[in-house]
Amino acid sequence: MLSRPLIVLMLSLLLASCATTPITGRGRLQPLIPLEVELQLGADAYAEEKSISELITSGSAFETLQLIGQRIAIAAEQMIPEPTSAFDWEFILINQSSANAWALPGGKTAVFTGLLPILRDEDGLAAIMGHEVAHAVLQHGIERMTQQALLDGALELTSMVLGDMSESDRDATLQALSGLSSIGVALPFSRTHESEADEVGLYFAAEAGYDPRAAIRVWERMAESSGNNAPPEILSTHPSHDTRIADLQEWMPA
């Protein structure tokens, strides 16, 4: 009984995969919204984040972030002109103890001060900036929105197919399918994005004149700082530290 909705889900995802990611060659989901809408969504989310964050707008760390961010943005636009040429890059430093960074559609990027001790130097910061810039350039956020829309649509179709079930059985089935789609589709999809940003970010950092080998050292220090607190990889949106380090070592010769 479950085979039909699962087949619908798989076919929907396959039909939407009609583009190829630069550098990695991965078949990707074509965004369902226009680029101008994507840029506006990023700008709106960025304005909200800035309004609730404590920003550092001067000093050596801020100036270094601006320099490295702009150099990597230029490298990204040279390597992947579309959609990057339409981006209005901004780089902010947020005074927060979390070891975190993020990028929004359209090139709005943030680094938290809590990450700086782990990065240690310009090459380490360039490794993380390359990763975040890659997320924006490869439109990962919008691709995840597209994937979620397809998954939601597949569950709606499933609900219709199971219409002759009792309400309790149908709800239980849909709940089980939702959990399976998360572990079997959504989380691996997110981990793929993270790995892809790691790989493409190496090229951006190297093209901008920084040592891409610093990425390995950064993730070794990330592993040390996190201890054993990370969830199992299969339940995480991110690859494990060990997986990332092994992948980075494999990509480094290229």
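Numbering of residues begins at 1 and proceeds along the displayed sequence. What you see is a predicted model; the values in this text were computed from it and never measured.
Using a cutoff of 4.0 Å between basic side-chain nitrogens and carboxylate oxygens, E143 and R26 are scored as salt-bridged. Remark: K108 engages D88 in a salt bridge, criterion side-chain N to carboxylate O under 4.0 Å.
Summarising the geometry of L39 relative to A86, their closest heavy-atom pair is CD1-O, 3.8 Å, with the distance given to 0.1 Å. Among all heavy-atom pairs drawn from S195 and P239, the shortest one is OG-CG, 3.4 Å. For the pair G124 and V218, the tightest heavy-atom approach, listed with the atom from each and the gap, is CA-CG2, 3.7 Å. Across all non-hydrogen atoms, the minimal contact from A223 to S226 is O-OG, 3.2 Å. When all heavy atoms of A254 and Y203 are compared, the closest pair comes out as CB-OH, 3.5 Å. Taking every heavy atom of both residues into account, A103 and T109 meet most closely at CB-OG1, 4.1 Å.
Contact annotation: the side chain of M145 approaches that of L41 to within less than 4.5 Å [non-hydrogen atoms, C-beta and beyond]. Using a 4.5 Å heavy-atom cutoff, the side chains of L55 and F62 are not in contact. Between Y210 and R71 there is a side-chain heavy-atom pair separated by less than 4.5 Å. For the pair L138 and P22, the minimum side-chain heavy-atom distance is below 4.5 Å.
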Full working for side-chain contact (heavy atoms from CB on, under 4.5 Å) between E49 and I94:
CA-CA 10 Å; E49 288 293 334; I94 296 177; 5.6 Å; no

With side-chain contact (heavy atoms from CB on, under 4.5 Å) as the test, would you mind laying out the steps for Q66 and E90 before giving the verdict?
CA-CA 8 Å; Q66 302 310 306; E90 290 188 51; over 6 Å; no

Derivation and outcome, side-chain hydrogen bond (donor to acceptor under 3.5 Å, both in side chains), residues N100 and Q96:
CA-CA 9 Å; N100 196 19; Q96 192 173 129; over 6 Å; no

Could you walk me through whether I92 and T57 pass side-chain contact (heavy atoms from CB on, under 4.5 Å), step by step?
CA-CA 8 Å; I92 57 174; T57 58; over 6 Å; no

Show your reasoning for whether side-chain hydrogen bond (donor to acceptor under 3.5 Å, both in side chains) applies to E196 and H135.
CA-CA 8 Å; E196 190 168 68; H135 274 312; over 6 Å; no

Check the pair L93, F112 against side-chain contact (heavy atoms from CB on, under 4.5 Å), reporting the backbone distance first and the verdict last.
CA-CA 6 Å; L93 183 60; F112 292 5; over 6 Å; no

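At a threshold of 4.5 Å between side-chain heavy atoms, the hydrophobic network of Ile, Leu, Val, Met, Phe, Trp and Tyr places M79 and V133 in one connected group. Cluster membership check: L116 shares its hydrophobic cluster with I56, using side-chain heavy-atom separations under 4.5 Å among Ile, Leu, Val, Met, Phe, Trp and Tyr. Side-chain heavy atoms closer than 4.5 Å link hydrophobic residues (I, L, V, M, F, W, Y) into clusters, and following such links, even through other members, never connects I33 to L104. The same ILVMFWY cluster, assembled from side-chain heavy atoms under 4.5 Å apart, contains both M222 and I245. The cluster map of Ile, Leu, Val, Met, Phe, Trp and Tyr, joined by side-chain heavy atoms under 4.5 Å apart, puts I216 and L119 in the same cluster.
Residue R213 qualifies as open at atom CZ: its count of foreign heavy atoms under 6.0 Å is 12 or below.
At a cut-off of 3.5 Å, with distance as the only test, a side-chain donor of S240 or T243 sits close to an acceptor on the other residue. Side chains of H241 and E224: a donor-acceptor N/O pair is absent below 3.5 angstrom, by distance only. In this structure, a donor-acceptor pair under 3.5 Å is absent between the side chains of H238 and R191.
Residue R28 holds its CZ atom at 6.5 Å from NE2 of H140, rounded to the nearest 0.5 Å. A distance of 4.0 Å separates CD1 of I68 from CG of L125, quoted to the nearest 0.5 Å. Between L35 atom CG and Q40 atom CD the span is 11.5 Å, to the nearest 0.5 Å. In this structure, W219 CH2 and I128 CD1 are separated by 5.0 Å, a value rounded to the nearest 0.5 Å. Annotation: the span from D211 atom CG to D123 atom CG amounts to 5.0 Å, rounded to 0.5 Å. Atoms CG and CZ, from D242 and R244 in turn, are 12.0 Å apart once rounded to the nearest 0.5 Å.
By the side chain to side chain donor-acceptor pair (under 3.5 Å) test, E38 is found to be paired with Q139, residues two or more places apart in sequence or in another chain being considered. In terms of the side-chain contact (heavy atoms from CB on, under 4.5 Å) criterion, residue partners of A215 (sequence neighbours excluded) are, by chain and number, A127, L202, L248. In this structure, the side chain to side chain donor-acceptor pair (under 3.5 Å) partners of T113, at least two apart in sequence or on a different chain, are N95.
Under the 30°/60° scheme for interplanar angles, the aromatic rings of Y46 and W102 are found to stand perpendicular. Ring geometry for F91 versus W89: interplanar angle under 30°, hence parallel rather than tilted (30 to 60°).
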